[in-house]
Protein chains: 4
Amino acid sequence: MTNAQSNPRRSQKENKIIDSAEEVFASVGFAKAKMEDVAGKAGVSKGTVYFYFDTKENLYMAVTYRALQVLNDYLYRTINDNREKPGIESVLSIVETYINFCEKHRLYSEVMLDYMSLNRSTRDGRDKSKLTTALIESLYYRRVQDIQNLPINLIIDEIKRGRKDGSIKNSKRPELLYLIAWACTIGFVKLNVAGGQRQTLLNVEINHWKEYQMEILRRILLDEN
Amino acid sequence: MTNAQSNPRRSQKENKIIDSAEEVFASVGFAKAKMEDVAGKAGVSKGTVYFYFDTKENLYMAVTYRALQVLNDYLYRTINDNREKPGIESVLSIVETYINFCEKHRLYSEVMLDYMSLNRSTRDGRDKSKLTTALIESLYYRRVQDIQNLPINLIIDEIKRGRKDGSIKNSKRPELLYLIAWACTIGFVKLNVAGGQRQTLLNVEINHWKEYQMEILRRILLDEN
Amino acid sequence: MTNAQSNPRRSQKENKIIDSAEEVFASVGFAKAKMEDVAGKAGVSKGTVYFYFDTKENLYMAVTYRALQVLNDYLYRTINDNREKPGIESVLSIVETYINFCEKHRLYSEVMLDYMSLNRSTRDGRDKSKLTTALIESLYYRRVQDIQNLPINLIIDEIKRGRKDGSIKNSKRPELLYLIAWACTIGFVKLNVAGGQRQTLLNVEINHWKEYQMEILRRILLDEN
Amino acid sequence: MTNAQSNPRRSQKENKIIDSAEEVFASVGFAKAKMEDVAGKAGVSKGTVYFYFDTKENLYMAVTYRALQVLNDYLYRTINDNREKPGIESVLSIVETYINFCEKHRLYSEVMLDYMSLNRSTRDGRDKSKLTTALIESLYYRRVQDIQNLPINLIIDEIKRGRKDGSIKNSKRPELLYLIAWACTIGFVKLNVAGGQRQTLLNVEINHWKEYQMEILRRILLDEN
DNA sequence: CATGAATGAGGCTTCATTCAT
DNA sequence: GATGAATGAAGCCTCATTCAT
């Protein structure tokens, strides 16, 4: 409440710092990222960074928060664009959108996966050591928690719509369909995006692969084969 | 002489240290792992760890090397067990084996994914900063490079066998099929294993999910389009 | 901005650290000097030392830089004091000044000799191993390079002046005379200063020795051959 | 007594190690020299090095001891060669010999100077910290002490002979003459040898410089001008 | 609010030395 | 006598974080 929205100048600087943080995290990873570099790239002092973000972890969560926001924007737009079309088209568009999102914002996809691991192991009460306590207590961690389910719900709702309008024949639970689609997509992204921007892997055209993957998803939703 | 195989006693201690390293890396991650803890858990002194593994990075690559070896063992065994069966069964078994491998050796799956990113970005000549130079120069990095393609080749060969014996109808290139299967599997594992060991995600039974995923894969392989 | 001159407070602390470094280097030598001790003696933390001087080597070069500066001060003053006198007197005063300088600042003389070796072997491209790369890359190494020739030039100019005003009869090249004088002086200093502050060596009064050495130098300069 | 002379095989290995130590010390200096490298270059194990030389310091003193021995050999030979000639010629030859010795065995000249500093500061009871206690207690340190004065005495004796046979006119104490000559020589060597093997310094031909230095020494001994 | 100097715990790594085989 | 694996003290350096100005 005291944050992002209240003061425009403040919000502006905050965003600049997050921009910078994204650059740094993306190029060297969290562990090797230096707060000094973040400050430098943002054109502010280290103290300023700490004024807005109490810890490095919190800054990381701020990036995660933004990732989720950006993803949501992507999703809302896609869903809106497909409002008139049958649900299956919307869902497939969402998948493509997600892939595009990951390709364009490589860091965001990593960050979100990190968050998931983090979140999961927190709930399990397992090895807290892995995740700094600071992280869990950070302001942005809570903010992220508040919106973490938005994308999932959006997508599942679209699947449900497809079921209703009959474009999706597959009768499995929407959640299961969601997981299947998500897993394929994450795997695809992980193999491609995470590492590089090569046009081929094992001499397979990335685009060819992507198209086939989409085709498979469509069939799954249509429950054909 | 510097190798793990030459001297049994030496090899034994080397392995003990890698065991220990796995524990530590698994519980706190590479960045937060302390060489001292590795030494402690292995029951040796810090110096000894450095006697066998020159750097922390090299130790990490040693774990990666072992991960690949273990995976290979799994694969060989699976392939052998399915020698008499049609190729499609072998391939599907391999996928299951891979999932089991990841579930059982969570660290190994992470480590291998890390290696892939590393390897990819190295080739692309991108952000070397992200990956320590020490890593690329490490002895084990080269060792890993030598065997990195073994699993891929094994699997692709099985797909080819399935094509030959007619059990796999899908006429796409084996490499493409491999990538599709691999992506699904990695995504599945990433969503499940990476985070925790819960029995459900979004109230979906993991086993149910897995079975459906396997079914889809089978259909893909059987696809005659 | 990183310079010693910009911020007075900053410059002050920087100097305090160099003071401290001199003490430590002087008493235990570079190799055994601990950065922590330097910090302690300067009344600051280890981190602060590294804030001002990135490496131990750079700190050493900072001392060298100061040594050259101090020597220059000595020389300027001596030359100025002898402005009205014939060149030969100036040159001989310079030699005495140099000896005094070395006696008073034993460390400085060692440090300067070290620098010479370093510099020489760098140019020759020989055994880089001996001299840390860090040393050559240090900020202060470059600074030192910028002023290393000042003393030499000052002295040679005075020799030339002596030649012009006829007080120095010796017709050899000023550079040669400089080297001769320098060698004698360095040797004298090395035998005396480097080791201790005893009043005799081989039962020879140091002062007696020094006077004779000066007398010889005078004769050389007066030499008309 | 238990050493070098008793067992030929032993003595041989000992010498090989010292050979190796010389190489290593010469190329990287004492501080950076690693016992492992010494062992490696000598073709023996680290344990063996320690069998013969209890500490790194002792090994260094062994090199020093050898340096003195070699210098003595040079001196004896020179003196013998000049037995029939007037003392002044012998003394000047000795100086040349010493210069040659230093040029040929750069390490030896450094080592001997180091020893002097060490020895001096030990006697003065000053900063013991600088020199490891281990050094002073080392076997070879004592050995060196036993023969440290040999060269000095040899030279002074030759100066005395020159005085007696009338070839040296200078009536100063032989010790003083020795110191004067030694200082010049050490300075010359320090400026030349210590750093590199360039043919010129300040565009002065080294040979030219050396000849002039010798000429000056001759004049000093002749007390001419 | 912003700055950037200062801190100091913490980690990796080195290497002289020891000692069981 | 050799070997070389093992030790562990010691030191350099990093960097998140704090705080006086």
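To find a chain, count down the sequence lines: A is the first, B the second, and so on, and within it residues start at 1.
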Restricting both atoms to N or O, compile the protein contacts to nucleotides 10-13 of chain F shorter than 3.5 Å, with distance only.
unit_1: dA10(F); atom_1: N6; unit_2: K46(B); atom_2: NZ; d: 3.4
unit_1: dG11(F); atom_1: OP1; unit_2: K34(C); atom_2: NZ; d: 3.2
unit_1: dC12(F); atom_1: OP1; unit_2: A33(C); atom_2: O; d: 2.9
unit_1: dC12(F); atom_1: OP1; unit_2: K56(C); atom_2: NZ; d: 3.0
unit_1: dC12(F); atom_1: OP2; unit_2: M35(C); atom_2: N; d: 3.1
unit_1: dC13(F); atom_1: OP2; unit_2: Y50(C); atom_2: OH; d: 2.7
unit_1: dC13(F); atom_1: OP2; unit_2: K56(C); atom_2: N; d: 3.1
unit_1: dC13(F); atom_1: N4; unit_2: K46(C); atom_2: NZ; d: 2.7

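- In this structure the side chain of Y115(A) reaches within 4.5 angstrom of the side chain of Q145(A), judged on heavy atoms.
- Here the straight-line distance linking atom NZ of K46(B) with atom CD of E36(B) works out to 4.0 Å at 0.5 Å rounding.
- Here Y65(D) contributes atom OH and M112(D) contributes atom CE; the two are 13.5 Å apart, rounded to the nearest 0.5 Å.
- We find the OG1-CZ distance between T64(B) and R143(B) to be 12.5 Å, quoted to the nearest 0.5 Å.
- Ring geometry for Y60(B) against F25(B) counts as perpendicular: the plane angle is over 60°, on a 0 to 90° scale with 30° as the lower cut.
- If you measure from atom CD of Q12(C) to atom P of dA5(E), you get 14 Å, rounded to the nearest angstrom.
- Protein atom CZ of F53(B) is 15 Å distant from nucleotide atom P of dC12(E), rounded to whole Å.
- Counting only Watson-Crick and G-U wobble pairs whose two key distances fall under 3.5 Å, DNA chain E forms stems of three or more stacked pairs at E:2-21 with F:2-21.
- Atoms CG (D37(D)) and C1' (dT14(E)) sit 12 Å apart, rounded to a whole Å.
- Atom-to-atom distance recorded for I136(B):CD1 and M61(B):CE is 9.5 Å, nearest 0.5 angstrom.
- Contact annotation: S45(C) side-chain N/O to dT7(E) OP1/OP2 distance is under 4.0 Å.
- Atom name C1', nucleotides dT21(F) and dC1(E): the rounded distance is 13 Å, in whole Å.
- Summarising the geometry of V38(C) relative to S20(C), their closest heavy-atom pair is O-OG, 2.5 Å, with the distance given to 0.1 Å.
- Atoms CG (L59(B)) and C1' (dC12(E)) sit 13 Å apart, rounded to a whole Å.
- Rounded to the nearest 0.5 Å, atoms OH (Y50(D)) and CD1 (I17(D)) are 11.5 Å apart.
- For F51(D) and dC19(E), the CZ to P distance is 16 Å, given to the nearest whole Å.
- Y52(A) has a side-chain polar atom (N or O) that falls below the 4.0 Å cut-off from OP1 or OP2 of dA2(E).
- Remark: T48(B) is not in phosphate contact with dA5(F), judged by side-chain N or O atoms under 4.0 Å from OP1 or OP2.
- In this structure, D37(A) CG and M35(A) CE are separated by 11.0 Å, a value rounded to the nearest 0.5 Å.
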